[in-house]
Amino acid sequence: MNPVTVPFFISHQGCPHTCVFCDQRIISGSNGALLTAEQIIERIGLWRATSGDRSLEVAFFGGTFTALPEEIQACLLAPLQPLLEVGTVGSVRISTRPDCIDADHVSWLSKKGVRTIELGVQSMDDTVLAESGRGHTAADTLNAIRCIKSEGLTVGAQLMPGLPGDTPTSSLASLEKVLSAGADFLRIYPTVVLQGTELARRYAAGTFVPLSLDRGVSLCKMLLQRAMQVCVPVIRIGLQADHGLNTESVLAGCWHPALGQLVRSQLYYDLVKRFVSPGQSATVCCHPARQSDVIGMKRSNLRSHAERGVQMQVVPDVALNRDEITIQTENSTVTYSIVSDLHYSIHEV
Ligand code: SF4
């Protein structure tokens with residue numbers, strides 16, 4: 001059973017950088033105030049009351065945890081120690097930058113109950129990183145992943161396709177590099193232009209062209225499929241549509257409140273399109289958890305198939321894996337997978 005995540009947002013605290021895309025206040029929804037021990041314990045108590053038998057994972061998101069002054073890191077982790085000892089909290093997760101962590105720091109965090117470290121990798125292309133004002137290199141990321149894995153902790157990599165200087169080819173190359181380095185899970189956040197950022201200024205000046213929603217979905221489906229091929233979970237696609245992130249704060253870029261569903265739906269659409277010809281009728285069976293993806297948002301996949309002359313009904317089948325669909329037509333019944341039966345070319349993005 002997956003643990004319940006108790007999220008704390010630590011905002012821009014501790015970060016000396018100004019990445020071109022970042023307005024941490026909007027992304028994390030936090031006003032920058034640091035949490036007190038009482039607030040932390042109270043929040044955990046509220047989550048404990050509603051989480052049943054599931055273990056709790058306390059997660060410090062946003063900002064750069066390991067760049068906070070050491071005494072503040074210690075203060076944030078201190079109230080968790082007795083809760084970890086008695087099992088009220090099972091583990092701790094933090095997020096940070098690749099250049100703000102080393103072996104000693106990982107070792108210290110591990111002793112304090114941290115089991116997962118998420119890295120804001122964004123890209124593994126040094127030119128993209130420089131043009132985006134990240135202030136670290138791909139080598140920093142490789143080093144950080146090595147340190148975290150050596151301590152036996154889980155490492156997540158956040159990738160941001162569509163940054164200045166990025167291309168679909170370099171996005172896929174970045175993915176391959178973090179996979180080879182041993183990332184245990186991924187988040188894919190296509191670049192969006194937020195009001196008040198350097199990227200917004202460049203966008204207004206015409207010196208930065210963001211990924212459109214369509215191109216972003218095309219690229220993300222390739223990234224997702226590749227991660228699935230090597231069984232590395234993608235735990236999130238697209239920034240969350242809460243905490244002030246909305247159609248006013250997002251000026252441009254690949255953003256949609258349910259981007260992950262759009263991406264998965266596109267994979268299933270492509271799979272049906274590949275194997276069901278215009279003029280055919282098909283019954284498509286899928287895992288129940290994927291039914292809405294196969295149908296598409298607001299039945300968009302069904303409509304698009306109908307427009308190309310394919311009548312299709314979707315039925316759940318618990319015997320199928322989540323990546324599979326069985327297509328029944330007049331002449332055949334065959335099971336296909338979005339992982340192995342779709343072959344994309346980077347030129348499609
Ligand atoms: S390092 Fe993180 S918090 Fe700091 S400016 Fe960049 S994205 Fe924002």
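Just so you know, ligand 1 is whichever comes first in the structure, and atom 1 is the first atom listed for that ligand. Because only heavy atoms are used, hydrogens play no part in the values below, and waters and symmetry mates are left out as well, while side chains stay in.
Scanning both residues, Ala67 and Gln73, for their nearest heavy atoms gives N-NE2, 4.4 Å.
Heavy-atom neighbours of His347 NE2 from other residues, nucleotides or ligands within 6.0 Å: at or below the threshold of 12. More than 12 heavy atoms of other shown residues, nucleotides or ligands fall within 6.0 angstrom of atom CZ in Arg303.
With a cut-off of 2.8 Å, atom 8 (Fe) of ligand 1 has no N, O or S atom of His17 in range.
Ser304 and Asn301 share no side-chain donor-acceptor pair at under 3.5 Å. For the residue pair Arg48 and Ser51, a side-chain donor N or O sits within less than 3.5 Å of a side-chain acceptor on the partner.
Below 4.0 Å from some heavy atom of Arg97 lie the following atoms of ligand 1, by number and element: 1 (S). Applying the 4.0 Å criterion to heavy atoms of Arg134 picks out, from ligand 1, the atoms 1 (S), 6 (Fe), 7 (S). Taking every non-hydrogen atom of Cys22 and a distance limit under 4.0 Å, the qualifying atoms of ligand 1 come out as 5 (S), 7 (S), 8 (Fe).
Heavy atoms from both the backbone and the side chain of Cys19 come within less than 4.0 Å of ligand 1.
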